[in-house]
Number of protein chains: 2
Amino acid sequence: MPSIRDVARVAAVSHQTVSRVLNDHPSIRPETKQRVLDAITQLDYRPNLAARALVTRSSNVLGVLSASVGEFGPASSIAAIEEAARAEGYSVSTINLPATTPEAIDTAVRQLVREQVAGLVVLAPQLRVFHVLQGMAIGVPYVSLQTASGASGERHAADQVAGARLAVNHLIELGHRDIVHLAGPQDWIEAESRMRGYLDALLDADLPTIPPVRGDWTADFGHFAGRELARRVDFTAVFAANDLMAIGLIHGFRDAGLDVPNDVSVVGFDDIPVAPHIWPPLTTVHQDFPELGRRAVALLVADIRGEERPALGPLEPQLVARASSSHGRRS
Amino acid sequence: MPSIRDVARVAAVSHQTVSRVLNDHPSIRPETKQRVLDAITQLDYRPNLAARALVTRSSNVLGVLSASVGEFGPASSIAAIEEAARAEGYSVSTINLPATTPEAIDTAVRQLVREQVAGLVVLAPQLRVFHVLQGMAIGVPYVSLQTASGASGERHAADQVAGARLAVNHLIELGHRDIVHLAGPQDWIEAESRMRGYLDALLDADLPTIPPVRGDWTADFGHFAGRELARRVDFTAVFAANDLMAIGLIHGFRDAGLDVPNDVSVVGFDDIPVAPHIWPPLTTVHQDFPELGRRAVALLVADIRGEERPALGPLEPQLVARASSSHGRRS
DNA sequence: TTGTACGCGTTATCAT
DNA sequence: ATGATAACGCGTACAA
């Protein structure tokens with residue numbers, strides 16, 4: 001591994017001049033620069049990142065803090081974050097939170113800071129994570145990917161409330177009046193936003209609200225909920241907070257002899273890859289997870305470089321109507 | 001940020017002694033050690049990782065090189081890798097290959113090596129990636145997660161061939177004699193292994209083989225393939241190389257008026273979370289992706305530390321029989 | 001425009 | 001058992 005001094009020797013300059021070339025220092029004679037560049041090529045020299053991090057006190061690493069499991073949405077976003085970060089010249093160090101206790105969060109953030117990450121992308125959809133983060137003096141720029149319903153600056157995401165309204169309005173337009181919400185866990189920001197969109201839509205339409213069912217995002221829970229809900233007769237449609245629960249829900253209804261959409265309509269959220277292919281094809285709200293990740297990186301990088309944050313247009317979720325919702329009603 | 005010298009000052013020792021305490025050097029008096037430890041606690045001192053990496057020429061970072069997209073399996077494994085690595089005291093730096101060209105692979109590996117990763121976990125299920133890797137003098141220990149059919153040492157995975165045999169034997173036991181394989185892309189090791197398992201099972205049972213259909217792992221392709229296959233009458237069952245394609249396939253059959261499993265049986269591979277909940281519930285081969293990731297880390301860490309590799313029992317895929325396969329046949 | 005000297009925080013080597 | 005000193009590779013201040 002050649003060092004900057006080896007390059008200097010070959011180019012017959014001081015190591016300092018090499019450093020200047022490396023960092024695009026203005027005052028350097030083109031021919032000197034070329035000589036250095038040639039030496040660099042010749043030796044296949046690569047700056048030592050540790051040494052650089054040591055002296056600059058900051059590495060070209062972006063930290064990704066994730067508190068979601070291996071779900072489709074977050075996983076897609078993380079992949080996109082990773083790609084976008086590399087494109088900007090950053091490495092990516094990921095850390096998954098095993099639990100969302102304040103201590104675990106604290107440890108994780110400290111760990112990342114200790115690695116001298118230049119910035120942090122947080123995919124921590126739980127409220128408590130968000131609050132802990134706000135209460136921490138992190139010391140590096142960070143961008144939060146979780147969705148919140150229109151609050152302070154660090155956050156950035158697709159408008160979950162609007163997405164949920166789309167879903168529920170779709171059901172209302174189909175003629176449904178009694179719509180149940182299969183919600184996500186209480187602590188999750190997305191769960192709250194989607195529920196609020198649900199409630200807003202019902203209020204706007206002067207329709208009655210029914211107490212929501214709290215789920216855990218899993219298809220297994222959806223299945224369970226479907227079997228339970230099938231005993232009730234006070235609704236004709238369900239808005240599930242994500243596709244996995246929606247798919248499990250349909251399964252549960254099927255087990256109980258209820259047909260979707262003829263007896264009950266179901267709408268999901270996320271538009272996971274299987275959504276169009278199951279039976280019945282799932283009406284859902286499409287989210288562009290990769291774009292979400294890219295935007296987070298764009299904002300973060302701007303913050304790190306002290307530049308103006310790019311103005312990003314709204315990232316609106318879109319309704320994808322499929323066969324799982326119709327005007328059919330149970331008698 | 002206190003440095004090792006600050007600690008030394010507080011503990012009234014030399015910074016060298018502090019370093020010894022940090023690295024569990026044997027010859028150090030317990031009382032001195034305690035004094036240093038107290039100082040460390042008092043100052044909340046954390047060793048600077050960049051400085052350490054600079055001098056030791058190796059960081060406590062494991063690199064993860066992934067050439068798969070955001071699919072369920074790899075994503076689950078990566079999450080597990082990350083967790084296991086943290087538990088062993090390593091950070092994780094991930095890099096996603098945008099393409100599987102030798103240049104891209106080379107660049108990615110170099111980048112990781114430049115970050116002075118202590119070791120590498122490679123999730124690169126394509127043959128070409130594997131070959132490029134073998135031809136590279138990487139310079140750090142690495143473990144390959146992709147599956148190969150019983151070849152050299154670096155590889156490690158669940159036995160895909162055996163898994164595929166399970167699937168096909170299941171169909172044979174149900175009475176099927178004409179079984180089509182919806183395969184994965186040609187370059188993928190898993191695709192080859194699963195196809196080989198398929199062929200082996202047919203040969204063992206003295207059954208005819210039918211030219212396989214090459215897919216791309218996506219549900220959309222499965223859907224397309226289903227519609228195409230529905231025109232043919234030379235088979236009564238399909239073994240799809242993964243669940244997504246299987247689900248799309250069932251959709252395609254449905255579009256064409258074919259019922260699964262009454263007209264055609266379908267078996268998938270992976271056991272993704274929705275597999276039990278779709279209609280018909282998908283018979284598939286279960287893989288323990290997280291365990292795969294954990295094992296990769298265990299092996300890699302042993303290599304890095306120069307220890308004996310732990311003896312890991314076989315990680316056998318398991319058949320999960322559900323309703324998508326039955327003895328039913330098309331007339 | 002270019003070079004010298006120093007410091008970043010740690011570990012390794014050789015004393016004591 | 002402990003300390004002094006020298007690396008490690010790079011960036012910055014200052015000098016030339």
Side-chain angles (χ1 to χ4, degrees), chain A residues 1-40 43-61 89 91 110-111 113-118 139 305, chain B residues 1-40 43-61 89 91 110 113-118 139:
Chain A
M1 272 290 131
S3 90
I4 198 170
R5 289 165 204 278
D6 298 319
V7 176
R9 198 173 312 119
V10 171
V13 295
S14 78
H15 77 273
Q16 184 49 258
T17 302
V18 178
S19 173
R20 287 201 244 274
V21 171
L22 256 34
N23 299 297
D24 293 316
H25 192 92
S27 44
I28 195 151
R29 202 188 316 163
E31 83 178 53
T32 314
K33 179 169 181 176
Q34 191 52 53
R35 225 169 52 238
V36 171
L37 255 24
D38 289 344
I40 289 177
L43 297 177
D44 192 30
Y45 162 80
R46 310 279 175 194
N48 181 307
L49 297 152
R52 189 173 275 180
L54 176 60
V55 66
T56 61
R57 296 161 170 291
S58 161
S59 64
N60 273 279
V61 176
S91 299
R110 277 188 190 295
Q111 171 64 22
V113 169
R114 207 153 84 80
E115 292 176 26
Q116 300 185 153
V117 295
R305 299 190 176 146
Chain B
M1 273 287 138
S3 91
I4 199 172
R5 289 164 202 278
D6 298 320
V7 176
R9 198 173 311 121
V10 170
V13 294
S14 78
H15 74 274
Q16 184 49 249
T17 302
V18 178
S19 175
R20 287 196 176 88
V21 171
L22 255 35
N23 299 298
D24 292 314
H25 192 91
S27 45
I28 194 150
R29 203 188 316 165
E31 83 180 51
T32 315
K33 179 169 182 175
Q34 190 53 54
R35 224 169 52 235
V36 172
L37 256 25
D38 290 345
I40 288 176
L43 296 178
D44 191 32
Y45 161 81
R46 310 278 174 195
N48 182 306
L49 296 148
R52 187 173 276 179
L54 175 61
V55 66
T56 61
R57 296 164 168 292
S58 160
S59 65
N60 273 282
V61 176
S91 300
R110 277 188 189 293
V113 169
R114 209 153 83 79
E115 292 176 27
Q116 298 184 150
V117 294

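Owing to the predicted nature of the structure, the values given are computational and were not obtained by experimental measurement. Letters A, B, ... are given to chains in the order of the sequence lines, protein chains preceding strands, and every chain is numbered from 1.
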Rounded distance (Å) that lies between atom [atom2] of [N] and atom [atom1] of [X]:
{"X": "A:L49", "N": "D:dC10", "atom1": "CG", "atom2": "P", "result": "9 Å"}
{"X": "B:Y45", "N": "C:dT10", "atom1": "OH", "atom2": "C1'", "result": "7 Å"}
{"X": "A:H25", "N": "D:dA13", "atom1": "NE2", "atom2": "C1'", "result": "12 Å"}
{"X": "A:Q34", "N": "C:dT2", "atom1": "CD", "atom2": "P", "result": "13 Å"}
{"X": "A:N60", "N": "D:dC10", "atom1": "CG", "atom2": "C1'", "result": "14 Å"}
{"X": "A:R52", "N": "D:dG11", "atom1": "CZ", "atom2": "P", "result": "5 Å"}
{"X": "B:R29", "N": "D:dG3", "atom1": "CZ", "atom2": "P", "result": "10 Å"}
{"X": "B:R114", "N": "D:dC10", "atom1": "CZ", "atom2": "P", "result": "10 Å"}

Nearest-0.5 Å distance, CE of residue B:M1 to CZ of residue A:R57: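 B:M1 CE to A:R57 CZ: 9.5 Å, rounded to 0.5 Å.
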
Atom pair OG1 (A:T56) and CG (A:L49), whose distance is rounded to the nearest 0.5 Å: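 Between A:T56 OG1 and A:L49 CG, I get 10.0 Å after rounding to 0.5 Å.
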
Quick check on [N]: is either OP1 or OP2 less than 4.0 Å from any side-chain nitrogen or oxygen of [X]?
{"X": "B:T56", "N": "C:dT11", "result": "no"}
{"X": "B:T32", "N": "D:dT2", "result": "yes"}
{"X": "B:R57", "N": "D:dC8", "result": "no"}
{"X": "B:T17", "N": "D:dG3", "result": "yes"}

When you measure from the side chain of [X], which nucleotide among [options] comes out closest?
{"X": "A:L54", "options": "D:dT2, D:dA6, C:dC8", "answer": "C:dC8"}
{"X": "A:N23", "options": "D:dG3, C:dT10, D:dG11", "answer": "D:dG11"}
{"X": "A:H15", "options": "C:dT4, C:dC8, D:dT2", "answer": "C:dT4"}
{"X": "A:S19", "options": "D:dC10, C:dG9, D:dG11", "answer": "D:dG11"}

[X] side chain to [Y] backbone, donor-acceptor under 3.5 Å:
{"X": "B:R114", "Y": "A:P47", "result": "yes"}
{"X": "B:S59", "Y": "B:Q116", "result": "yes"}
{"X": "B:R35", "Y": "B:A11", "result": "yes"}

Within residues 3-10 of chain B, residues whose heavy atoms come under 4.0 Å of DNA chain D: none

A:R20 vs A:V13 side-chain heavy atoms within contact, under 4.5 Å: no

Validation row: A:V7, A:V10 side chains within 4.5 angstrom (heavy atoms):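 Answer no - side chains too far apart.
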
B:R46 or B:R20, whichever maps to the more 5' nucleotide of DNA chain C: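 It is B:R46, whose closest nucleotide lies nearer the 5' terminus.
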
Check: residues 24-34 of chain B side-chain donor-acceptor pairs under 3.5 Å, at least two apart:
from: B:H25; atom 1: NE2; to: B:S27; atom 2: OG; distance (Å): 3.2
from: B:Q34; atom 1: NE2; to: B:D38; atom 2: OD1; distance (Å): 3.0

First of B:V55 and B:I28 reached from the 5' end of DNA chain D, by closest nucleotide: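 Result: B:I28.
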
